[in-house]
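Below is one structure, written out as structure tokens; the observations come after it.
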Amino acid sequence: MKRLSICFFSAAALAGLAAAAVLSCSSSCPKKQDVRLLYWNIQNAMWADQGNNYDNFVAFVKEKDPDICVWAESKSHYNTASDISYDLADRGSQYLPDNWDELAERYGHKYVYVGGERDFFPQTITSKYPLHNVKRLLGDGKDSIVAHGAGWATVDIKGKKINIVTVHTWPQKYGLTPQTDEEKKESAARMEGDYYRRTEMEYICKHTIQTVPEAKDQYWMMMGDFNAKSSIDNWHYGWPADTTAFLVHDYILQNTPYVDVIHELYPNEFHSSHLNGTRIDFVYLTEPLMKKVEAAEILHEGWSKPERVPWSKKRFCTPSDHEAIIVDFKL
């Protein structure tokens, strides 16, 4: 298996035109840009379509025709799903991540990269272009609290190197260590989940983009399920400015050269990325790469639109509880 991959929806910025109209890369439009990035949290490795041999998933990806894909929750958890039971997959029977090369080949991607896996939710990159591992972020349990693992890979496109950082931060309101229900309740009341994610994000940045002093002048992207809201969207949420909910993205915005591509292209609009109406999935770019963006959008319609599975006691959705993000670049 080629252990390198990245799925990356192309997004193109109207460089230098501050008041220019935003371009949409909707599913009805053919891809006209050089490079398209597709990012999506596919909930339990596209659990909703595995019983269908991933045929709907493959058709969706082929229709969007991304050059690079980044998949969060890219590891299989269940063999079957029915209104009666979920058959938890054991290690030997899990189709993904070990067979991402086989699945990616079905939608035209030759290269696969699986990032660090600390528990059950690694991120996977698939690509039409060669990928190279820089670092799989796990931590050693002492200096790191990277909950699900993270990855740093590079992709070579037309002589240009693009750094790709994938993340999926801790999802709970409580911190990592509480064990009993009472401990979790007390931890959540202290907002320890928010502080945990903030420390986790600092660790990831300090071991990726902050290790390269000239990164602000290079092509970098970071994307994933951050499980955190951004203060950039607080005009929509209307929360107290000092809420701990913004700690993760405030760290990124204040300590790295990353910019939020959806916010840059839609500064006066709110676009949710999750069935619950919040935006917790983000694509960040450095300014040189942002200038190459021609379009970007969160897909709110079509097959990828989340729908709650009525009988699911585990609150699963079809095809995922998250919405996909596409970015088109003119490199």
Side-chain angles (χ1 to χ4, degrees), residues 41-45 47 72-75 77-78 81 83-89 116-123 137-150 167-205 224-234 236-254 270 272-282 306-318 320-323:
N41 180 326
I42 54 174
Q43 191 181 47
N44 297 316
W47 158 87
E73 295 198 22
S74 63
K75 179 177 180 177
H77 286 273
Y78 301 94
D83 56 354
I84 300 174
S85 67
Y86 298 85
D87 180 16
L88 190 65
E117 180 186 343
R118 184 175 176 184
D119 56 4
F120 308 107
F121 298 99
Q123 305 96 56
L137 294 149
L138 294 169
D140 63 7
K142 298 177 181 178
D143 67 342
S144 168
I145 55 170
V146 181
H148 299 323
V167 305
H168 184 184
T169 64
W170 177 248
Q172 307 297 344
K173 293 182 179 180
Y174 52 84
L176 181 67
T177 56
Q179 299 295 317
T180 68
D181 288 344
E182 185 61 29
E183 289 173 341
K184 291 177 180 179
K185 182 178 179 180
E186 293 173 355
S187 176
R190 295 190 293 268
M191 305 299 182
E192 289 182 356
D194 289 338
Y195 289 105
Y196 186 93
R197 281 181 286 276
R198 160 58 171 75
T199 305
E200 189 178 5
M201 183 51 54
E202 180 177 356
Y203 180 91
I204 291 171
C205 290
D225 177 359
F226 289 78
N227 279 309
K229 290 82 175 177
S230 174
S231 58
I232 281 178
D233 293 330
N234 203 30
H236 172 79
Y237 295 124
W239 293 343
D242 61 350
T243 177
T244 57
F246 300 146
L247 288 174
V248 168
H249 294 286
D250 280 353
Y251 179 83
I252 297 168
L253 296 170
Q254 295 168 12
F270 178 78
S272 65
S273 71
H274 193 273
L275 184 64
N276 65 12
T278 61
R279 185 165 76 111
I280 58 176
D281 299 87
F282 292 75
E307 293 184 8
R308 186 74 69 191
V309 178
W311 48 261
S312 172
K313 295 179 180 180
K314 294 180 179 291
R315 301 176 62 207
F316 286 163
C317 300
T318 178
S320 172
D321 52 342
H322 293 255
E323 294 173 294

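The first residue of the sequence shown is numbered 1, and numbering continues consecutively from there. As a basis for the values below, the full set of heavy atoms in this structure was taken, side chains included, without hydrogen atoms, waters or symmetry mates. The structure presented is a predicted model; accordingly, all values stated were derived computationally and were not measured.
Between the side chain of Q179 and the backbone N or O of T177, at least one donor-acceptor pair lies under 3.5 Å. Between the side chain of T180 and the backbone N or O of E183, at least one donor-acceptor pair lies under 3.5 Å. Proximity of a side-chain donor or acceptor of E73 to a complementary backbone N or O of N44 within less than 3.5 Å is detected. Proximity of a side-chain donor or acceptor of T318 to a complementary backbone N or O of V309 within less than 3.5 Å is not detected.
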Using atom types as modelled, flag every donor-acceptor pair under 3.5 Å from a side chain in residues 239-249 to any protein atom, sequence neighbours excluded.
from: T243; atom 1: OG1; to: A245; atom 2: N; distance (Å): 3.2
from: T244; atom 1: OG1; to: D194; atom 2: OD2; distance (Å): 2.6
from: H249; atom 1: ND1; to: Y284; atom 2: OH; distance (Å): 2.7
from: H249; atom 1: NE2; to: A228; atom 2: O; distance (Å): 3.1

Exercise answer: donor-acceptor pairs, residues 168-175 side-chain atoms, under 3.5 Å, sequence neighbours excluded:
from: H168; atom 1: NE2; to: D225; atom 2: OD2; distance (Å): 3.2
from: T169; atom 1: OG1; to: F226; atom 2: O; distance (Å): 2.4
from: W170; atom 1: NE1; to: Y174; atom 2: O; distance (Å): 2.6

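Closest heavy-atom contact between S187 and E192: OG-OE1, 2.6 Å. Of all heavy-atom pairs spanning S230 and L253, the tightest one is OG-CD1, 4.2 Å. Taking all atoms of both residues into account, the shortest heavy-atom contact from W47 to C317 is CZ3-O, 3.5 Å. Between R118 and L176 the shortest heavy-atom distance is NH2-CD2, 4.1 Å. Here the closest heavy-atom approach between residue G116 and residue L138 is recorded as C-CD2, 3.6 Å. Contact detail for P306 and S320: the closest heavy-atom pair is CB-O, 3.1 Å.
Residues meeting the salt bridge (charged side-chain N to carboxylate O under 4.0 Å, His left out) test with R279, sequence neighbours left out: D233, D260.
With a 4.5 Å cut-off on side-chain heavy atoms, I145 and Y203 do not count as touching. Within the 4.5 Å cutoff, no side-chain heavy atoms of F282 are placed close to those of I232. Contact check for R198 versus M201: no side-chain heavy atoms found under the 4.5 Å cut-off. No side-chain heavy atom of E323 sits less than 4.5 Å from a side-chain heavy atom of D281.
Heavy atoms of other residues, nucleotides or ligands lying less than 6.0 angstrom from OH of Y237 number more than 12. The 12-atom threshold is exceeded at CG of N276, counting heavy atoms of other residues, nucleotides or ligands nearer than 6.0 Å. Summarising the local packing, CD of E186 is surrounded by more than 12 heavy atoms from other residues, nucleotides or ligands at distances under 6.0 Å.
None of E117, H148, Q123 except one satisfies the side-chain hydrogen bond (donor to acceptor under 3.5 Å, both in side chains) rule with K75; the exception is E117.
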Item to check | Pair E200-Y251, side-chain contact (heavy atoms from CB on, under 4.5 Å): steps then yes or no | outcome: CA-CA 11 Å; E200 189 178 5; Y251 179 83; over 6 Å; no

